[in-house]
Number of protein chains: 2
Amino acid sequence: MVEYDTPTLDAVFHALSDPTRRAMLHRLSTHERTVSELATPFNMSLAGASKHIKVLEAAGLVRRHVQGRTHICALQAVRLAEAQEWLRYYEQFWDERLDDLEDILRAEDRALADTAKHGPRKVPKSKPDTKE
Amino acid sequence: MVEYDTPTLDAVFHALSDPTRRAMLHRLSTHERTVSELATPFNMSLAGASKHIKVLEAAGLVRRHVQGRTHICALQAVRLAEAQEWLRYYEQFWDERLDDLEDILRAEDRALADTAKHGPRKVPKSKPDTKE
DNA sequence: TCTATATTAAACCTTATGGTTGAATATGAT
DNA sequence: ATCATATTCAACCATAAGGTTTAATATAGA
């Protein structure tokens with residue numbers, strides 16, 4: 001069984017919980033950027049943006065290499081892969097839902113086709129109880 | 001293009017950034033549980049656990065239905081799907097890395113096979129510059 | 001009705017977070 | 001040397017977060 005590195009996931013998910021930081025990651029996805037380049041689009045002091053970058057760095061989502069007086073930041077996606085792996089376990093549950101949704105839609109289509117000839121439709125399907 | 005609901009992602013990622021809450025979700029993945037059932041394994045007051053559940057609920061990750069005096073919580077995975085979708089954009093970047101890693105490993109294998117006959121190996125490959 | 005159970009609410013505490021401003025540091029250019 | 005540029009550091013502030021404890025609320029059962 002996969003053991004998830006909790007502190008890492010804590011840091012990654014926390015880093016992702018802020019829209020500024022998510023936007024920064026997105027901007028890094030096209031190419032590397034310096035701290036000031038990263039900071040520019042946000043209505044925020046440089047120092048503020050710098051802090052966000054450090055959060056990303058601490059979570060392992062950004063790597064930086066200093067070149068003279070400029071710090072160049074690059075996306076480091078591996079930790080995102082870990083987060084996704086954690087999420088992947090839950091795919092079965094939303095797939096389940098989507099399957100149900102598909103069933104419902106199909107049932108509605110059928111009902112709709114029928115409605116022309118007969119009365120209004122009923123609730124399509126009940127899901128089997130998830131029991132212990 | 002997909003527009004991501006920022007407040008939702010904020011809440012979901014924030015909810016996931018806490019190990020207690022992730023554990024709760026995991027425990028809900030087998031079957032529904034009452035608040036006290038959910039709280040039991042954690043070294044924490046009921047009120048504390050209750051707060052965590054509310055965070056999960058606010059993020060749309062847990063749904064509850066009240067039955068008499070007990071509140072029954074169930075996993076609601078759809079919001080996790082949204083989070084994963086956000087993450088999926090970045091797959092290309094870690095895949096890239098993994099591809100590189102595979103290239104490197106292959107090159108090392110080749111070099112290793114060669115080393116028996118010839119001299120020591122060289123650096124395998126340089127990656128094309130990611131430029132704007 | 002009285003009492004036990006399940007859960008939240010409210011008040012409180014400590015620490016983290018997101019932000020600011022004003023130095024400090026380090027490098028580049030003249 | 002001097003001045004400008006790139007970035008962080010430190011101190012500060014307001015609010016959020018994670019936790020506690022002690023009521024309060026609601027339902028179940030005797």
Side-chain angles (χ1 to χ4, degrees), chain A residues 6-28 31-75 132, chain B residues 6-28 31-76 79 83:
Chain A
T6 317
T8 300
L9 280 181
D10 290 4
V12 169
F13 281 130
H14 170 248
L16 296 182
S17 74
D18 184 278
T20 301
R21 289 193 290 261
R22 287 200 306 277
M24 282 178 165
L25 287 181
H26 191 257
R27 299 191 68 233
L28 285 177
H31 52 76
E32 308 185 331
R33 297 184 198 257
T34 69
V35 169
S36 3
E37 281 168 4
L38 263 183
T40 305
F42 305 105
N43 188 26
M44 184 184 301
S45 68
L46 232 187
S50 174
K51 278 191 181 180
H52 279 300
I53 295 171
K54 264 191 293 193
V55 171
L56 290 168
E57 216 180 350
L61 299 176
V62 158
R63 179 178 31 89
R64 104 168 58 192
H65 66 278
V66 179
Q67 197 164 79
R69 60 184 162 176
T70 73
H71 297 202
I72 298 169
C73 302
L75 177 66
E132 214 171 355
Chain B
T6 316
T8 299
L9 280 182
D10 290 5
V12 169
F13 282 130
H14 170 247
L16 296 183
S17 74
D18 183 278
T20 301
R21 289 193 291 260
R22 286 200 305 278
M24 282 177 164
L25 288 181
H26 191 257
R27 298 191 68 234
L28 285 177
H31 52 77
E32 308 185 332
R33 296 182 198 258
T34 69
V35 168
S36 4
E37 279 168 5
L38 262 183
T40 305
F42 305 105
N43 188 25
M44 185 183 302
S45 68
L46 232 188
S50 174
K51 277 190 181 181
H52 279 299
I53 295 171
K54 264 190 295 193
V55 171
L56 290 168
E57 216 181 350
L61 299 176
V62 158
R63 180 176 31 90
R64 104 167 59 192
H65 66 278
V66 179
Q67 198 163 78
R69 59 183 163 177
T70 73
H71 297 203
I72 297 169
C73 303
L75 177 65
Q76 191 162 44
R79 294 292 167 79

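In what follows, chains are A, B, ... by sequence order, proteins preceding strands, each numbered from 1.
Residue A:I53 is the one, among A:I53 and B:H52, whose nearest nucleotide of DNA chain D lies closer to the 5' end (criterion: closest heavy atom). Where B:I72 and A:A49 each meet DNA chain C at their nearest nucleotide, the meeting point lying more 5' is that of B:I72. Place B:R69 and A:G48 on DNA chain C by their nearest nucleotides, and B:R69 ends up nearer the 5' end.
Relative to the side chain of B:A47, the nucleotides D:dG18, D:dC9, D:dT21 differ in distance, and D:dT21 lies closest. Nearest nucleotide to the A:K51 side chain, out of D:dG18, C:dG18, D:dC9: C:dG18. Among C:dA6, D:dG18, D:dC9, the nucleotide with an atom closest to any side-chain atom of B:T70 is C:dA6. Among C:dA4, C:dG18, C:dG28, the nucleotide with an atom closest to any side-chain atom of A:D18 is C:dG18.
Within 4.0 Å (heavy atoms only), B:K54 reaches sugar-phosphate atoms of the nucleic acid but no base atom. Across all strands shown, A:S45 has heavy atoms under 4.0 Å from base atoms, whether or not it also approaches the sugar-phosphate.
If you take NE2 of B:H71 and C1' of D:dA28, they are 14 Å apart, rounded to a whole angstrom. In this structure, A:F13 atom CZ and C:dT17 atom P are separated by 16 Å, rounded to whole Å. Atoms CG (B:L16) and C1' (D:dA17) sit 16 Å apart, rounded to a whole Å. In this structure, the CD atom of B:Q67 is 13 Å from the C1' atom of C:dA6, given to the nearest Å. Here D:dG18 presents its P atom at 10 Å from CG of B:L56, a figure rounded to the nearest Å. For B:D10 and C:dG18, the CG to P distance is 10 Å, given to the nearest whole Å. Rounded to a whole Å, the CD atom of A:E37 is 16 Å from the P atom of D:dT5. Rounded to whole angstrom, the span from the CG atom of A:L46 across to the P atom of D:dA4 amounts to 18 Å.
Counting heavy atoms from C-beta outward, A:K51 and A:V55 have side chains that stay 4.5 Å or more apart.
A:T6 and B:P19 get closest at one heavy-atom pair: CG2-CB, 3.3 Å. In plain terms, the two heavy atoms of A:V35 and A:C73 that are nearest each other are CG2-SG, 4.2 Å. Taking all atoms of both residues into account, the shortest heavy-atom contact from B:R27 to B:E37 is NH1-O, 3.0 Å. Of all non-hydrogen atoms in B:L61 and B:R79, the two that sit nearest each other are CD2-CB, 3.6 Å.
For the pair A:H14 and C:dT17, the criterion of a side-chain N or O lying under 4.0 Å from OP1 or OP2 is met.
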